[in-house]
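Note sheet for the following structure.
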Amino acid sequence: MKRILLATVAAFTVTGAWAEYPEKPITIVVPFSAGGPTDKVARDFAEAVRKPLGNATIVIENVGGAGGTLGATRVAKAAPDGYTLLLHHIGMATSPALYRNLQYKTEEFEYLGLINEVPMTLIGKPTLPAANYAELLKWIDANKGKVNLANAGLGAASHLCGLLFQSTLKVDMTTVPYKGTGPAMTDLIGGQVDLMCDQTTNTTGQIEGGKVKAFAVTTPKRLTTPTLAKLPTLDESGMKGFNVSIWHGLYAPKGTPKAVIDKVNAALKVALKDPDFDKRQEALGAVVVTDARTSPAEHKKWVAAEIDKWGPVIKAAGQYAD
Ligand code: ASP
């Protein structure tokens, strides 16, 4: 009897404790450098999601390196208490095929919901002597063996996009890896690297400001954001079928209590309908996912499908890291 009573009290205590969640600041780990595309999405999202979480304090922690795998590892091994979350992109699905010694397993995460989809753009340093995509191809041809391409490491979206670009062109470029395309963008603007394929959340402002040259978008259809609408698709420019768009989702370490998962997921759904968040995403060329895609079950299904889609492409390209 006494034991039953104790167990009942313990059960109530646990439920009660999670009912107050969050009681302290939540850290969202971004597995890339500050100032880059995923960081920008995370900071906007944090602002929108903190309100439905009772005006919680949210701290963004940038853990860049190894194409996002260092940050993902940090969260996979963190306490499953809802206070360390991960905002990651397509790398969640590509890293398992790319890294032979990945320090975490995809199964080590709870899924809290998809956030948005983000197209990419092919951009170049401002001094690159090409005014459009056709001229860029001529310049690449004339500079074979000398062209370099920035990316955010193996498994990053910029890596994936650059890889497809090179293999479709059948041209090898020297890749220059960074901890995120935030610092890569600084070097591109400074002319230290030639080209980069990066998310519109990072490139729209730089294209608008004339800081970089923009040559094409990676989606099958042209984009509607005013700055980007004039850019041709790679598909219409001769790379038939070229289509790279990335997505972001929110994760917690495996074993996070269901009450916390439900609370954060409910807050995510509210955040995605926040007009300020929506407007900002639209202005940066990103598309917030529909409500139907935000459940943890749909998120998990999506990641599994993306692993199935990209695994064979990556293996066929012979890409891997130890
Ligand atoms: N999303 C990465 C970043 O925020 C870049 C990438 O995936 O290419 O830097």
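Just so you know, ligand 1 is whichever comes first in the structure, and atom 1 is the first atom listed for that ligand. Residue numbers start at 1 and run along the sequence shown.
Put simply, no part of Ser33 is less than 4.0 Å from ligand 1, judged by heavy atoms.
Taking 4.5 Å as the limit, some side-chain heavy atom of Tyr133 sits within range of a side-chain heavy atom of Met239.
Below 3.5 Å of separation, one finds no N or O of Asp198 facing any N or O of ligand 1. Ligand 1 has a nitrogen or oxygen under 3.5 angstrom from a nitrogen or oxygen of Thr181. Where the criterion is an N or O separation shorter than 3.5 Å, residue side chain and backbone included, Gln199 meets it with respect to ligand 1. Of the N or O atoms in His89, one or more lie within a sub-3.5 Å distance of an N or O in ligand 1.
If you check which protein heavy atom lies closest to atom 4 (O) of ligand 1, you get Thr38 N, 3.0 Å. Closest to atom 8 (O) of ligand 1 among all protein heavy atoms lies Ser158 OG, 2.5 Å.
Under the side-chain contact (heavy atoms from CB on, under 4.5 Å) rule, Val244 has a single partner from Ile90, Leu164, Leu234, which is Leu164. Here the rule is side-chain contact (heavy atoms from CB on, under 4.5 Å) with Pro37, and of Ile246, Thr181, Thr203 only Thr181 fits it.
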(request) Could you walk me through whether Glu108 and Lys105 pass salt bridge (charged side-chain N to carboxylate O under 4.0 Å, His left out), step by step? (result) CA-CA 5 Å; Glu108 281 179 81; Lys105 291 197 168 52; 5.8 Å; no
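For Thr38 and His248, the side-chain atoms include at least one donor-acceptor pair closer than 3.5 Å. Counting only N and O atoms by type, the side chains of Thr227 and Glu208 include a donor and acceptor under 3.5 Å apart.
Under a 3.5 Å cut-off, the side chain of Asn148 and the backbone N or O of Asp194 do form a donor-acceptor pair.
Set against the non-hydrogen atoms of Ala152, the atoms of ligand 1 under 4.0 Å away are 5 (C), 6 (C), 8 (O). Atoms of ligand 1 found under 4.0 Å from any heavy atom of Gly180 (numbered from 1 in listed order, with element): 9 (O).
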